[in-house]
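Before any comments, here is the structure.
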Amino acid sequence: MRANRTISALLAAGLAIATLGACSGTETPSKPGATGVLNIGMPDGATMPANNNPFLDTSFAKHLGYAWLIWEPLALQNETKPADEPKPWLATKWKWSADYSSVVLTVRENVKWSDGSAMTADDVAYSFQIMKDHKGVNYYALPLKDVKVAGQDVTVSFEGSQYVNRTKVLSTQVINKKQWSAFSDPAKDVVDKPIGTGPYTIKSVTPSTVTLSVRSDYWQTAPKVAEIRCTTYSGNDTQLTALTSGATDWTYAFMANAKTTFVAKDPAHFKLWFPPALSADGLWINTTKAPFDNAHLRRAMSMVINRDDIFNQAMAGYFKPKVGNITGIPTPAGDAFLAPEYKGKSSESDLATAKKELTDNGFTFDGTTLKDPTGKPVTITLTDPADWNDYQTALTIIKENLATIGITAKIDKANQDAWFDAIAKGNFDAALHWSNGGATPYDMYENIMNGAQLQPIGTTANGNYGRFNSPEATQALKDYANATDDTARTAAMHKIQKIMVEQMPMIATSAGNLGAEYSTAKWTGWPDESNPYAAIQPTRWGMLDVVMHLTPAS
């Protein structure tokens with residue numbers, strides 16, 4: 001299975017957020033009337049390193065998602081509703097400076113670490129200081145400048161505006177200063193017995209399963225789940241077997257025929273919910289290569305790519321939602337950001353419109369062959385790793401779609417390591433790839449169009465893989481990130497969308513997802529389309545909120 005590449009980070013609040021309850025229930029410790037076992041499974045391999053380090057991508061804690069049940073964030077954002085304000089958690093409130101270059105966080109009192117000691121403002125301050133001192137734990141590369149403590153308030157200042165990083169700042173997991181200051185390399189060191197504020201502690205560890213037990217001294221009403229068992233399976237097939245047999249209650253795995261192999265086995269209890277994130281998968285085009293440096297050709301290609309077929313065939317009708325809007329912004333998550341002229345405007349047009357776009361701008365047809373303005377037949381190589389079945393199916397669909405406008409495409413089933421290197425260095429024609437995601441469409445667009453990420457062919461890039469060179473887009477992105485009022489910010493976002501529509505540097509086809517497969521046979525209270533209170537993907541921060549909502553089915 002190809003892992004979800006969407007980077008976690010979604011919407012933040014306004015200038016100041018009023019104090020809200022952290023979640024339903026009291027903030028005083030209470031004994032948990034908890035019972036039963038929740039089984040979480042992930043198809044990440046037969047065994048994994050027995051390390052609970054939340055900063056290490058290969059650790060049990062990161063892969064299986066339970067890091068969020070041990071180290072809690074300052075605030076909890078509902079990623080399915082990025083326009084909503086975050087929910088206060090270990091911070092009761094926060095206030096940003098007018099230019100978003102600093103934030104004052106008020107730390108919640110009466111919170112205990114799992115070793116019985118009190119969480120303090122110093123712990124919160126250290127959770128930022130460690131990112132400043134150790135680049136490896138600064139997951140979002142936040143440009144930290146200074147951290148100060150005054151009573152229960154922690155002031156964090158940054159180099160420049162952090163408007164686009166607000167949720168990334170507020171999602172910071174608070175760590176225990178005493179424990180973490182003893183590590184020599186906090187990004188890699190083994191965390192054997194983690195100390196956290198979260199509702200669970202580690203009970204036992206085997207090469208494939210970590211068992212967590214609920215705390216009796218948790219700072220708010222404890223969850224009703226007594227134990228959580230997180231298990232890694234060898235692949236999607238073994239994960240599916242565990243899910244349908246009841247050994248797993250909750251997972252995130254691509255299943256080619258999920259509606260028949262999973263849901264149909266027990267429609268009353270076996271469920272899928274895959275809401276979109278504000279990120280996009282799509283066809284990244286190398287804009288340095290003629291004739292694909294021509295925006296009219298890229299626009300025509302977008303017009304004939306059948307996103308419904310990609311959703312129903314490549315994404316099995318559920319896994320990654322279709323991106324239907326011409327701006328590439330996933331909806332409904334991004335509805336609030338759409339410029340008026342693009343609301344309800346579909347990505348797809350008819351074949352005649354695509355052909356007219358070409359013939360009006362120097363392209364010609366020789367029978368069924370499209371020729372560029374120099375008279376050369378238009379050909380393209382579409383590339384993705386051989387075993388990424390969803391992407392390979394999508395490439396086959398795209399190849400057939402492009403043939404309708406006379407483009408001859410071939411598919412390169414690449415070696416994965418070689419593919420990553422080729423994408424980073426710009427040695428490709430076109431490839432399906434994901435974008436970054438965030439609190440607003442900025443992260444997606446910045447990843448696709450920012451000239452600050454532009455690198456020559458042959459030099460490794462960390463974004464803008466299509467080498468799209470648009471000073472206008474770069475300036476609009478900068479204007480959005482540094483705007484001092486909503487009017488200027490909205491104007492910049494609308495300009496960015498206009499560039500995306502008119503220049504089409506990347507053809508968005510599918511949204512990143514926040515989904516999961518789950519069973520209601522043993523546990524109820526899951527978020528779904530009718531009650532989207534949190535993202536349901538078990539490795540994202542919303543999983544903490546989900547666990548807090550679950551109750552026994554009987």
Side-chain angles (χ1 to χ4, degrees), residues 4-15 17 54-55 57 62 67-68 71-91 94-97 99-105 124-132 134-147 154-175 187 277-279 333-334 337 434-447 450 452-453 462-463 477 480-483 489 512 514 534-535 537 539-545:
N4 180 24
R5 304 289 177 180
T6 303
I7 297 180
S8 314
L10 293 184
L11 185 54
L15 287 173
I17 305 297
F55 300 118
D57 283 340
K62 198 68 176 286
W68 295 102
W71 295 280
E72 297 180 294
L74 294 162
L76 203 54
Q77 176 67 47
N78 181 354
E79 294 183 278
T80 69
K81 295 183 175 182
D84 287 0
E85 294 179 350
K87 183 187 297 185
W89 210 262
L90 293 182
W94 47 90
K95 184 177 177 64
W96 288 94
S97 62
D99 64 354
Y100 290 93
S101 66
S102 68
V103 62
V104 179
L105 305 156
V124 173
Y126 186 74
S127 301
F128 286 97
Q129 188 64 44
I130 196 172
M131 289 191 282
K132 185 175 185 294
H134 297 273
K135 184 179 179 181
V137 303
N138 191 354
Y139 193 78
Y140 298 117
L142 297 173
L144 290 150
K145 183 178 180 181
D146 195 22
V147 185
V154 175
T155 300
V156 186
S157 57
F158 305 89
E159 301 286 352
S161 171
Q162 297 306 298
Y163 178 83
V164 297
N165 290 326
R166 292 166 298 160
T167 294
K168 296 172 185 177
V169 172
L170 294 175
S171 70
T172 296
Q173 290 170 284
V174 178
I175 58 176
L278 281 181
S279 67
F337 303 98
W434 52 92
S435 77
N436 285 347
T440 74
Y442 170 86
D443 295 75
M444 178 184 81
Y445 286 139
E446 189 275 339
N447 193 220
N450 193 357
Q453 301 281 359
N462 294 316
L477 288 163
Y480 183 84
N482 295 290
R489 195 172 293 115
L514 304 166
Q537 197 173 116
T539 58
R540 302 177 78 90
W541 58 53
M543 72 93 70
L544 171 60
D545 210 8

Would you find a donor on one side and an acceptor on the other, under 3.5 Å apart, between the side chain of [X] and the backbone of [Y]?
X: N447; Y: S435; result: no
X: S97; Y: S102; result: yes
X: S161; Y: A481; result: yes
X: R540; Y: Q537; result: no

Self-check item: Beyond-backbone contact of V174 with L74, side-chain heavy atoms, under 4.5 angstrom
Solution: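 Side chain of V174 against side chain of L74, heavy atoms only: contact under 4.5 Å found.
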Say you draw a straight line from [atom1] of [X] to [atom2] of [Y]; how long is it, rounded to the nearest 0.5 Å?
X: L105; Y: T155; atom1: CG; atom2: OG1; result: 7.5 Å
X: D84; Y: E79; atom1: CG; atom2: CD; result: 12.5 Å
X: L514; Y: S279; atom1: CG; atom2: OG; result: 7.5 Å
X: Q77; Y: K168; atom1: CD; atom2: NZ; result: 13.0 Å
X: T440; Y: R489; atom1: OG1; atom2: CZ; result: 9.5 Å
X: W96; Y: R166; atom1: CH2; atom2: CZ; result: 8.0 Å

What pair of heavy atoms forms the shortest contact from [X] to [Y], and how long is it?
X: L544; Y: P73; result: CD2-CD, 4.0 Å
X: K132; Y: K145; result: CE-O, 3.0 Å
X: I175; Y: S127; result: N-OG, 2.9 Å
X: A534; Y: G542; result: CB-O, 4.0 Å
X: S171; Y: Y140; result: OG-CE1, 4.0 Å
X: M444; Y: L278; result: CB-O, 4.1 Å

Quiz prompt | Those residues that, when tested against Y442, pass ring pair (Phe, Tyr, Trp, His ring centres under 6.0 Å) (two or more places apart) | solution =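 For Y442 the ring pair (Phe, Tyr, Trp, His ring centres under 6.0 Å) partners, ignoring immediate neighbours, are Y480.
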Self-check item: With Y445 via ring pair (Phe, Tyr, Trp, His ring centres under 6.0 Å) - residues at least two apart
Solution: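 Not a single residue meets the ring pair (Phe, Tyr, Trp, His ring centres under 6.0 Å) criterion with Y445.
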List for me each residue that meets side chain to side chain contact (heavy atoms under 4.5 Å, CB included) alongside [X], sequence neighbours excluded, and say none if there are none.
X: A187; value: V137, D185
X: A67; value: P54, A61, W71, Q173
X: N138; value: M131, L142, L144

Exercise. Check the pair T172 / F128 against side chain to side chain contact (heavy atoms under 4.5 Å, CB included), numbers first and verdict last.
Key: CA-CA 8 Å; T172 296; F128 286 97; 3.5 Å; yes
Can you sort out the partners of [X] under side chain to side chain donor-acceptor pair (under 3.5 Å), two or more places apart, ordered by chain and number?
X: Q162; value: N165
X: S157; value: none
X: D146; value: none
X: N450; value: E446

Exercise. Before giving the answer on side chain to side chain contact (heavy atoms under 4.5 Å, CB included), spell out for W68 and D545 the whole-Å C-alpha distance, their side-chain angles and the decisive distance to 0.1 Å.
Key: CA-CA 10 Å; W68 295 102; D545 210 8; over 6 Å; no
Quiz item: Are F158 and V156 close enough, and set up right, to give a side chain to side chain contact (heavy atoms under 4.5 Å, CB included), and what steps lead you there?
Solution: CA-CA 7 Å; F158 305 89; V156 186; 3.5 Å; yes
Practice problem: Decide side chain to side chain contact (heavy atoms under 4.5 Å, CB included) for V154 and V147; before the verdict, give the C-alpha distance in whole Å, the side-chain angles of both, and the deciding distance to 0.1 Å. | Solution: CA-CA 7 Å; V154 175; V147 185; 3.9 Å; yes
